[in-house]
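I have placed the structure first, in the form of structure tokens, so that the comments after it can refer back to it.
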Amino acid sequence: MSIAAIVYLGCWALFAWVGDSWLQLLVAALMAVVFTQLGFLAHDLGHRQVFRTRSPSDIAGLIIGNLGVGLGWGWWTTKHNRHHANPNHEDHDPDVSPAVIVWSQDQAIKSAGLPRFIAKYQAYWFFPLLTLEAWHLHIASFKALLAPTTKRRGVELTLLVVHFALYFGLVFTMLPVGKALLFLVIHQGLFGLYLGCTFAPNHKGMPVLTKEDKLDFLRKQVLTSRNVRGNLFTDVALGQLNYQIEHHLFPNMPAPNLRKAQPIVERYCAEIGVDYLQTGLVESYGQALSHLHDVGAPLRR
């Protein structure tokens, strides 16, 4: 966390030092990587992996999420916990609720308007749409604070406003309008793309559950998750979420320990006859995109 904070502040120092230059577009790309890595830390804090008690987890999560990257930590953590409780479940997992992208043929058939248009060839739209994901998360963070039942509304809103006041203030103060807008497009576009690329291998293309499926906890978590084979690059690039099966079985386990749990879990699943899927990174994207294309098949007939 200390390293991440130093690199984050270093990026803004680099931004100030580079000044009015087209090199800022490279700084924007670098910042997208750093913002995503901070997102991984906020994710781990939300699962209580870092601190033993709730208060320091909440404080660090709000600083990193709301103030650091402009994402509503409280809203996202609540949504993410619902995903963990029922992964890939049509009725309960917010991550597979039909929106612009649909996740099952039943959702595709029922879709209308823009989602129906996109669903026909959504495998081709998937990565371009991810460039809008960061903006979607920013807007959703503010929208969540409109609900009167939201916890810490004042604190969360204040930190979000401070983040964007400083963010837009620095960008438009240091750069001419044209370069500033291009900086925002590249930074937020790559931020969203990177975020989406780290989550897509985890569940996309895995079985989508309905109310007809009655699975125990282990099968519900393992059968809907996909691991990506780990090495130093994938572990760092994917925030160690490439051990998705282990993460879903033990969400409070600190991320550095997931790679140690992986062979134990894989061996146990083999012993009890539960399918355990682990693929390479590129293959995981292929499986996800193939599933998305199959989902749109009824609309292409």
Side-chain angles (χ1 to χ4, degrees), residues 1-8 10-11 26 28-50 64 69 80 83-84 87-88 95 123 126-127 130-131 133-134 189-207 218 221-272 274-292:
M1 291 174 68
S2 299
I3 293 172
I6 291 170
V7 173
Y8 177 82
C11 282
L26 296 178
L30 175 62
M31 279 194 180
V33 175
V34 175
F35 270 49
T36 304
Q37 290 291 325
L38 285 175
F40 294 151
L41 285 176
H43 166 271
D44 294 350
L45 286 161
H47 283 295
R48 312 291 185 228
Q49 295 179 15
V50 181
I64 292 175
V69 298
H80 189 62
H83 156 72
H84 266 265
N88 265 28
D95 289 353
F126 183 67
F127 287 112
L130 286 181
T131 61
E133 179 64 12
L190 291 180
F191 179 26
L193 180 63
Y194 186 6
L195 273 179
C197 285
T198 62
F199 292 121
N202 300 340
H203 302 281
K204 306 314 179 220
M206 300 303 292
L218 183 140
Q221 303 297 338
V222 174
L223 297 178
T224 60
S225 302
R226 177 196 295 108
N227 273 18
V228 174
R229 293 187 185 90
N231 53 44
L232 181 60
F233 171 78
T234 53
D235 285 3
V236 173
L238 300 180
Q240 300 175 100
L241 293 175
N242 45 308
Y243 305 104
Q244 189 67 194
I245 294 173
E246 290 69 35
H247 172 57
H248 263 257
L249 290 173
F250 309 104
N252 294 66
M253 180 181 289
N257 289 335
L258 294 174
R259 64 181 179 85
K260 300 175 184 177
Q262 188 275 324
I264 301 172
V265 173
E266 184 178 19
R267 185 165 58 249
Y268 179 71
C269 287
E271 289 174 0
I272 64 174
V274 173
D275 290 340
Y276 180 104
L277 180 59
Q278 184 168 231
T279 71
L281 181 60
V282 174
E283 186 181 356
S284 73
Y285 291 128
Q287 292 175 4
L289 293 176
S290 177
H291 170 75
L292 290 176

Next item on the list: Take Tyr276 and Tyr268 through the test ring-ring contact (aromatic ring centres under 6.0 Å, His included) and record every step on the way to the result.
Entry: CA-CA 10 Å; Tyr276 180 104; Tyr268 179 71; over 10 Å; no
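Annotation: side chain to side chain contact (heavy atoms under 4.5 Å, CB included) contacts of Ser290 (sequence neighbours excluded): Asp294.
For the salt bridge (Lys or Arg N to Asp or Glu O under 4.0 Å) condition, no pair includes a residue of residues 238-255, sequence neighbours left out.
In this structure, Leu223 CG and Cys269 SG are separated by 8.5 Å, a value rounded to the nearest 0.5 Å. Atom-to-atom distance recorded for Ile64:CD1 and Gln37:CD is 12.0 Å, nearest 0.5 angstrom. The CG atom of Leu238 lies 6.0 Å from the CG atom of Leu281; values are rounded to the nearest 0.5 Å. Distance check, rounded to the nearest 0.5 Å: CD of Gln262 to CZ of Arg229 gives 10.0 Å. Atom CZ of Phe35 and atom SG of Cys11 lie 8.5 Å apart (nearest 0.5 Å). Taken to the nearest 0.5 Å, the OG1 atom of Thr224 stands 10.5 Å off from the CG atom of Asn202.
Residues Leu130 and Cys197 approach most closely at CD1-N, 4.1 Å, considering heavy atoms. Closest heavy-atom contact between Thr198 and Ala237: CG2-O, 3.7 Å. Closest of all the heavy-atom pairs between Leu258 and Gln240 is CD1-O, 3.6 Å. Of all heavy-atom pairs between Pro201 and Ser284, the closest is CB-OG, 3.3 Å.
Of the possible polar contacts, none joining the Gln49 side chain to the His43 backbone as a donor-acceptor pair under 3.5 Å is found. Using a distance-only test at 3.5 Å, with no hydrogens or angles considered, no donor-acceptor pair links the side chain of Ser225 to the main chain of Val222. Remark: the backbone N or O of Ile3 is not paired with any side-chain donor or acceptor of Tyr8 at under 3.5 angstrom. No side-chain donor-acceptor contact under 3.5 Å links His247 to the backbone of Leu241.
Using modelled atom types, one finds no donor on one side chain facing an acceptor on the other under 3.5 Å when comparing Gln278 with Arg226. Side chains of Glu133 and Tyr194: no donor on one and acceptor on the other come within 3.5 Å. A side-chain donor-acceptor contact under 3.5 Å links Gln244 and His248.
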Anything under 3.5 Å between a donor and an acceptor, one on a side chain of residues 250-257, the other on a protein residue two or more places apart or in another chain? List them.
residue: Asn252; atom: ND2; partner: His47; partner atom: O; Å: 3.2

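Considering only heavy atoms from C-beta on, Leu289 comes within 4.5 Å of Phe127 through its side chain. Looking at heavy atoms from C-beta onward, Gln287 lies in side-chain contact with Leu277 at the 4.5 angstrom threshold. Side-chain contact between Ile272 and Leu218: present, with at least one pair of heavy atoms (C-beta onward) separated by less than 4.5 Å. Here the side chains of Tyr243 and Asp235 are in contact, with some heavy-atom distance below 4.5 Å. Between Asn227 and Asn242 there is no side-chain heavy-atom pair separated by less than 4.5 Å. Between Val33 and Thr36 there is no side-chain heavy-atom pair separated by less than 4.5 Å. Between His291 and Met206 there is no side-chain heavy-atom pair separated by less than 4.5 Å. Looking at heavy atoms from C-beta onward, Leu41 lies in side-chain contact with Met1 at the 4.5 angstrom threshold.
The number of heavy-atom neighbours closer than 6.0 Å to CZ of Arg48, taken from other residues, nucleotides and ligands shown, is above 12.
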